2 protein chains.
Amino acid sequence: MPPTTGLRARLRAELTTEIKDEARRQLAAEGAPGLSLRAVTRSLGMASSAIYRYFPSRDDLLTALIVDAYDAVGAAAEEADAGVAPDDFGARWRAVGLAVRAWSLANPHEYALVYGSPVPGYRAPPDTVGPASRVTLVMARLIDGAARAGVLDDPPWTPTLPPIGVELRASVRTLVDLAFPNVSDEVAVRAVAAWTQLFGIISFELFGHFHNVIDEVSPVFDRSLLEMGRLVGLSAPRSSSGPTVDVSSAGPGVGDEVPPDGEDEFWHLV
Amino acid sequence: MPPTTGLRARLRAELTTEIKDEARRQLAAEGAPGLSLRAVTRSLGMASSAIYRYFPSRDDLLTALIVDAYDAVGAAAEEADAGVAPDDFGARWRAVGLAVRAWSLANPHEYALVYGSPVPGYRAPPDTVGPASRVTLVMARLIDGAARAGVLDDPPWTPTLPPIGVELRASVRTLVDLAFPNVSDEVAVRAVAAWTQLFGIISFELFGHFHNVIDEVSPVFDRSLLEMGRLVGLSAPRSSSGPTVDVSSAGPGVGDEVPPDGEDEFWHLV
DNA sequence: TCCTTATTGTGATCACTGCTCTCGTTAGTG
DNA sequence: CACTAACGAGAGCAGTGATCACAATAAGGA
């Protein structure tokens, strides 16, 4: 009995992945603007026009690479999240953040492809939104899970801020309904801030905006991850493991000078 | 004595700005990848080779546009900062943030040029670092100024976080020395977080990552501006000039030809 | 088994790009 | 006035994305 995938379909699938692999190689070497269809076909030993049998245009090839990149970073985030104790929400948040940054540093051009400037006139097909939201959903699920578990601290300093207005409530309505059913509007907007901060600092690092400002980003990233987690109400990780740890090993007493004003209160504002 | 600016130099300066203006027009219409030297010369009625008398390569023209963009957003930030009472640091922070977002929404392609994915292999000339740091310096000066004035609140929840380690202190050393002489390391790293959050949320909005997540970003942006200001110790603005930014000019940009698909966005990624 | 059909690879070709070169022309300077 | 450096124009090169007609071939129905 012949398999449902004939010989032609198998060859087509193989060549498709081969094209994508070669394209990804060129992407990593030259970046998105340097991705040339003709160079891909040249490397694969085929005619320059043959590639259009598999990808109708350059944008379609880029779309495939975008979907793969979203899937890759999403898988990295999910895997990191699954590798930590499920009830240690602070550690999960940190692990996801570190994983996203690690993937981004390892695949800078693919990161730029999905989180950098979009190609003008390029219309994202609907099949990109699924992979695109994987890493977002990981973070949202973990924050909302902490809230449902009742271990999400009340948002600090909230009483010192003006109450949330109707416009803001309307803006985050779909977000709250979709991903944050157990979370207040206040925490939801803070989650957006933490989410965008994460990618903001990664983009700045990758795109060179830290030159002459910060040389070693790892400690700063780890710390702001902690701060952002604290912002949304996540407590510090119980178990911290990772490439740039050292936060729990503050025993030597070197780094633990008293804060400038010697505050010993817990929250002196709330 | 002949004037230092002869007739030839004057014509050269005029044509240079004319080229840049036309290039900026094409940039706003088609984006950076669609910027064509030949199209620019065509619009100006000159030979295609003549433009190389003024800009040795396409990258040099882009560099000029980058410098101008940095200067424009820097000037917008400085102007907004100067338009608020100097001792109302919360209002200054908010004004600067709103101004940066307003400029970005009004000039999306120029924003993408400077804060989006950099051109691979493109090395920023040293004359870009000056304009590039204008908006950063505005924010740093205002935070440090609040600290020097003694009105910067102590960082909230600091005692609940592990103390700052030696690595983190070393990472922000140059930053603290350079821009935050009156601020603790704790606040300095929070300033970095707030800074990157600001551009992270703007990038997400402009690059389409809020689709199906947040429809009206203005209230969320304003709120997270408040949260980030609070994070670094700035108190809420005493005078708030307006609840939301004016986004009337935020639509399809300036040179808004209708895209072939009848879409309402100028670029479509995710 | 045969024959039709759809799919695939190929080379030619088009319009376009950034960029270089040469060749007259002209403004600025001694 | 003469000379040099800057300038504009045109031809040309190598490369690009994309389209086309044409030949070869696998797939599937009669």
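Order of the sequence lines fixes the chain letters, A, B, ..., with proteins taken first and strands second; residue numbering starts at 1 for each chain. Everything quoted here is computed from the prediction, not taken from an experiment. Worth knowing before you read on, the calculation uses all heavy atoms, side chains too, and leaves out hydrogens, waters and symmetry mates.
Counting non-hydrogen atoms under 4.0 angstrom, B:L61 reaches nothing in the nucleic acid. As judged by a 4.0 angstrom heavy-atom cut-off over every strand, B:L35 is placed among residues touching the sugar-phosphate backbone only. Residue contacts for A:F55: at a heavy-atom cut-off of 4.0 Å it reaches no nucleic acid atom on any strand shown. As judged by a 4.0 angstrom heavy-atom cut-off over every strand, B:R58 is placed among residues touching the sugar-phosphate backbone only.
The distance between atom CZ of B:R53 and atom P of C:dT20, rounded to the nearest whole Å, is 12 Å. Atom CD of B:E14 and atom C1' of C:dA27 are 16 Å apart (whole Å). One interatomic measurement links the two molecules: CE of A:M46 to P of C:dT8, which rounds to 11 Å at whole-angstrom precision. In this structure, CD1 of B:I51 is placed 8 Å from P of C:dG18, rounded to the nearest angstrom. Computed from coordinates, the A:E30 CD to D:dG15 C1' distance equals 14 Å when rounded to whole Å. In this entry the distance linking CG of B:D60 with P of C:dT20 reads 11 Å, nearest Å. For the pair B:I19 CD1 and C:dG18 P, the interatomic distance rounds to 13 Å; values are reported in whole Å. With rounding to whole Å, B:L11 atom CG is found 9 Å from C:dA27 atom P.
Listed for the A:S224 side chain is a donor-acceptor partner under 3.5 Å among the backbone atoms of A:F221. The main-chain N or O of A:E14 is found under 3.5 Å from a side-chain atom of A:T17 such that the two form a donor-acceptor pair.
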Any chance you could lay out the side-chain hydrogen bond (donor to acceptor under 3.5 Å, both in side chains) test for B:S117 and A:Y115, step after step, and finish with the verdict? CA-CA 8 Å; B:S117 359; A:Y115 290 111; over 6 Å; no
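Taking side-chain N and O atoms only, B:R42 has a distance below 4.0 Å to OP1 or OP2 of C:dT17.
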Name every donor-acceptor pair, under 3.5 Å, that has one atom in a side chain of residues 27-41 of chain A and the other anywhere in the protein, sequence neighbours excluded.
residue	atom	partner	partner atom	Å
A:S36	OG	A:R38	N	3.3
A:S36	OG	A:A39	N	3.1
A:T41	OG1	A:L37	O	3.4
A:T41	OG1	A:R38	O	2.7

Side chains of residues 45-57 of chain B: which donor-acceptor partners sit under 3.5 Å, not counting sequence neighbours?
residue	atom	partner	partner atom	Å
B:S57	OG	B:D59	N	3.3
B:S57	OG	B:D60	N	3.4
B:S57	OG	B:D60	OD2	2.6

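For A:L37, the listed nucleotide lying nearest its side chain is D:dA18; candidates were D:dA18, C:dT17, D:dT16. Closest approach to the A:R38 side chain among C:dC19, C:dT13, C:dT10 is made by C:dT13 (side chain taken as heavy atoms from C-beta onward). You'll find that the side chain of A:R12 is closest to C:dT8, out of D:dG8, C:dT8, C:dT17.
Where B:Y52 and A:S48 each meet DNA chain C at their nearest nucleotide, the meeting point lying more 5' is that of A:S48. Between B:S49 and A:G45, the one whose closest nucleotide on DNA chain C sits nearer the 5' end is A:G45.
One can find a donor-acceptor pair under 3.5 Å joining the base of D:dT25 and the side-chain atoms of A:R8.
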